[in-house]
A.B. asks: 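Here it is: the structure, laid out below.
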Amino acid sequence: MQTQVVIIGGGPSGLLLAQLLHVQGIEAVVLERKTRDYVLGRIRAGVLERGLVALLAEAQVETRIATQGFPHDGTVISYDDQHFRINFTDHTDHPVMVYGQTEVTRDLYDAREKTGGTTFFNVEDVQIHNADLEGTTRPRVTFTSDGTDHEITCDYIAGCDGFHGVSRQSIPQEKRSEYEKVYPFGWLGILSETPPVHHELIYANSPHGFALCSMRNDHLSRYYVQCPTDDNVADWSDDRFWNELRRRIPPEFAAKLQTGPSIEKSIAPLRSFVVEPMQYGRLFLCGDAAHIVPPTGAKGLNTAASDVHYLYRALTAHYRENDSAKLATYSATALSRVWKAERFSWWMTSTLHRFPQMSTFDLRMQRAELEFLRSNTAAQAALAQNYVGLPY
Ligand code: FAD
Ligand code: DHB
């Protein structure tokens, strides 16, 4: 089999790239290790930057988001007995869109099915060949799907297969540098069919640890509390979760919190990670395959989308205008924005969480950071610009 681009990974990065390429008349084959239902069952991000919303429109999958997404003009931040609001639209003229990653992925799979694009599910033993060779030898990707061996020859490979995928590992170790920070806590998240406690998100730094009140719609709430990395979900009953959340958010919100049974509960570790470069010959990495952010500030999916934007533009220039300059500089262009998202996520995480063994000095610094943010318009503008998304 032959195609122009093989996309390894049918998560949001891979599907968005496939759909954008399709709109430009560029053929791609998507390889996904799991099933469509499995991918759609993963509850992850919920806040979309305007750049991602615009990309979804460019990919012609804007219908549901336009009717079922919720634009948010600001967010609440709380610490000690204070809380304040940061207004995004005042500072940037733009809101963010609350619309779940599950829905984004569903819209993209539905669109892909309509286009008739080839997607292999349940793929195993994916191997990349000849990605590094210049000249006439084309790259190949071999894999098995439902017990049958396959081989696809292509021009380019997009590694969109997440943090544990094969694409990054296919770059020889001596050709890549990895930068990592592992945080000494995780997030315990639940989804519950209850109305959100507030119409905007609440990020809370409390003496008992971080908490986040988020949502998917008017009757579906998403809440998180900071927890030790080695905690077991089984030890967190719903009651324990609700009690912990209640004591971490400001009393006026805690009093209004409506609780109910959780319909999903999981613990995610927090990590910052970047690989450099994000390309190796004709293999290009996008999204979690190349970088991870801690979730504070909702940059994971959004940074994946900016990579897709750069790669899609570069491939379009190559195929439609015979101009390969953007492909040559893909890694540098993408990394310049990636590191800014890394900085913002690291800063939000550092400012809002309680770290083990924080000294009284560390606590005062954190409080000073938050008081500066509460009282300083320029600091609020900087947060707003990063939160709604830096320009591509
Ligand atoms: P992924 O979503 O990881 O998709 C990669 C796909 O590749 C998967 O479908 C996988 O099955 C497939 N794959 C893997 N290996 C192979 C292979 N060898 N061959 C073929 N296919 C393969 N971000 C936020 O902004 N907010 C959040 O609240 C948030 N919560 C998160 C919770 C968890 C538990 C995790 C893991 C991430 C979370 N993120 C969050 C991050 C966000 O979900 C990711 O940044 C986003 O999913 C990245 O998309 P992606 O397509 O690059 O990678
Ligand atoms: C959500 C997750 C985040 O990490 C965040 O900063 C905001 C919202 C969410 O899942 O809704």
Side-chain angles (χ1 to χ4, degrees), residues 6-18 29-36 38-49 52 70 72 75 96-102 104-105 108-109 119-128 141 143-145 157-170 186-191 196 200-203 210 212-217 220-224 264 266-271 273 285-308 338 341 344-345 348-349 352 387 389:
V6 169
I7 298 176
I8 305 175
S13 304
L15 292 171
L16 179 58
L17 180 64
V29 172
V30 176
L31 311 182
E32 168 54 48
R33 192 179 50 173
K34 303 284 189 182
T35 62
R36 173 191 157 123
Y38 182 94
V39 175
L40 290 177
R42 293 190 290 223
I43 311 293
R44 290 180 170 184
V47 176
L48 313 189
E49 294 176 355
L52 173 49
F70 293 83
H72 279 208
T75 191
V96 289
M97 185 69 91
V98 170
Y99 189 71
Q101 176 169 334
T102 312
V104 172
T105 313
L108 288 165
Y109 265 124
T119 306
F120 289 90
F121 290 99
N122 295 316
V123 302
E124 286 174 50
D125 195 22
V126 174
Q127 290 182 36
I128 296 172
V141 180
F143 58 98
T144 63
S145 171
I157 300 162
C160 302
D161 49 353
F163 185 63
H164 300 287
V166 294
S167 299
R168 183 178 70 256
Q169 306 296 344
S170 304
W187 277 19
L188 169 67
I190 70 159
L191 197 61
E200 289 180 341
L201 272 63
I202 304 170
Y203 287 88
F210 170 79
L212 170 61
C213 304
S214 182
M215 67 200 72
R216 292 295 176 267
N217 57 46
L220 193 56
S221 297
R222 180 77 167 149
Y223 295 110
Y224 300 92
E264 196 266 352
S266 53
I267 294 180
L270 266 66
R271 174 198 309 270
F273 174 89
L285 304 180
C286 285
D288 281 16
H291 43 74
I292 297 287
V293 289
T296 335
K299 289 291 158 237
L301 176 62
N302 290 302
T303 309
S306 66
D307 296 345
V308 168
V338 163
F344 179 66
S345 307
M348 284 277 280
T349 303
L352 292 170
Y387 200 91

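Whatever order the structure lists ligands and atoms in, that order sets their numbers, starting from 1. Residues: numbered from 1 along the sequence shown. Nothing here was measured: the structure is a model prediction, and the numbers come from that model.
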A.B. asks: Are any of the heavy atoms in Met348 under 4.0 Å away from ligand 2?
C.D. replies: no

A.B. asks: Distance from Ser266 atom OG to Ile190 atom CD1, nearest 0.5 Å?
C.D. replies: 10.5 Å

A.B. asks: What I'd like to find out is whether the side chain of Thr296 reaches to under 4.5 Å of the side chain of Ser345, using heavy atoms alone.
C.D. replies: no

A.B. asks: Is the closest side-chain heavy-atom distance between Val47 and Tyr387 below 4.5 Å?
C.D. replies: yes

A.B. asks: Of the backbone atoms (N, CA, C, O) and the side-chain heavy atoms from C-beta on, which set of Asn302 has a member under 4.0 Å from an atom of ligand 1: side chain, backbone, both, or neither?
C.D. replies: neither

A.B. asks: Please determine if Ser214 has a nitrogen or oxygen closer than 3.5 Å to a nitrogen or oxygen of ligand 2.
C.D. replies: yes

A.B. asks: Where is the nearest protein heavy atom to atom 36 (C) of ligand 1: which residue, which atom, and how far?
C.D. replies: Arg44 NH2, 3.3 Å

A.B. asks: Taking N or O atoms only and a 3.5 Å limit, does Gln101 qualify as a polar contact for ligand 1?
C.D. replies: yes

A.B. asks: Test of understanding: with ring-ring contact (aromatic ring centres under 6.0 Å, His included), list the residues that count as partners of Phe210, not counting sequence neighbours.
C.D. replies: Trp187, His353

A.B. asks: The criterion is side chain to side chain contact (heavy atoms under 4.5 Å, CB included); which residues satisfy it with Glu32, sequence neighbours excluded?
C.D. replies: Lys34, Val39, Tyr109, Phe121

A.B. asks: Nearest 0.5 Å, what's the CD1-CG distance between Ile43 and Leu191?
C.D. replies: 5.5 Å

A.B. asks: Using heavy atoms and a threshold below 4.0 Å, how should the contact between Val293 and ligand 1 be classified: side chain, backbone, both, or neither?
C.D. replies: neither

A.B. asks: Quick check: does Leu201 get an N/O under 3.5 Å from an N/O on ligand 2?
C.D. replies: no

A.B. asks: For atom 5 (C) of ligand 2, what's the nearest protein heavy atom and its distance?
C.D. replies: Tyr203 OH, 3.3 Å

A.B. asks: Using a 3.5 Å cut-off on N or O atoms only, is Trp187 in polar contact with ligand 1?
C.D. replies: no

A.B. asks: Kindly indicate whether a cation-pi arrangement holds for Arg168 with Phe163, taking the cut-offs as under 6.0 Å to the six-membered ring centre and within 45° of the axis.
C.D. replies: yes

A.B. asks: Is any side-chain heavy atom of Val29 closer than 4.5 Å to one of Val141?
C.D. replies: no

A.B. asks: Looking only at protein heavy atoms, which one is nearest to atom 10 (O) of ligand 2, and how far off is it?
C.D. replies: Tyr224 OH, 2.6 Å

A.B. asks: Go through ligand 2 atom by atom and flag the ones less than 4.0 Å from a non-hydrogen atom of Val47.
C.D. replies: 7 (C), 8 (C)

A.B. asks: May I ask you to check whether His164 has an N/O atom sitting below 3.5 Å from an N/O atom of ligand 1?
C.D. replies: no

A.B. asks: Indicate yes or no: at least one non-hydrogen side-chain atom of Val104 is less than 4.5 angstrom from one of Leu15.
C.D. replies: no

A.B. asks: Indicate whether any N or O donor in one side chain lies under 3.5 Å from an N or O acceptor in the other, for Asp161 and Ser167.
C.D. replies: yes

A.B. asks: Tell me whether ligand 1 is touched by Arg42 - counting only heavy atoms on the residue side and a distance under 4.0 Å.
C.D. replies: yes

A.B. asks: Does the N or O separation between Trp187 and ligand 2 drop below 3.5 Å for any pair?
C.D. replies: no

A.B. asks: Based purely on interatomic distance, does Ala298 place a nitrogen or oxygen under 3.5 Å from a nitrogen or oxygen of ligand 2?
C.D. replies: yes

A.B. asks: Does Phe163 come within less than 4.0 Å of ligand 1, judged by its heavy atoms?
C.D. replies: no

A.B. asks: Looking at atom 4 (O) of ligand 2, what's its closest protein heavy atom, distance included?
C.D. replies: Pro295 O, 2.6 Å

A.B. asks: Could you tell me, atom by atom, which parts of ligand 2 come under 4.0 Å of a heavy atom of Arg44?
C.D. replies: 10 (O)

A.B. asks: Can you tell me the protein heavy atom closest to atom 50 (P) of ligand 1 and the distance?
C.D. replies: Ser13 OG, 3.2 Å

A.B. asks: Look up atom CE in Met215 and atom CG in Leu201, then write down how far apart they are to the nearest 0.5 Å.
C.D. replies: 5.0 Å

A.B. asks: Answer yes or no: does an N/O atom from Ala45 fall short of 3.5 Å to an N/O atom of ligand 2?
C.D. replies: no

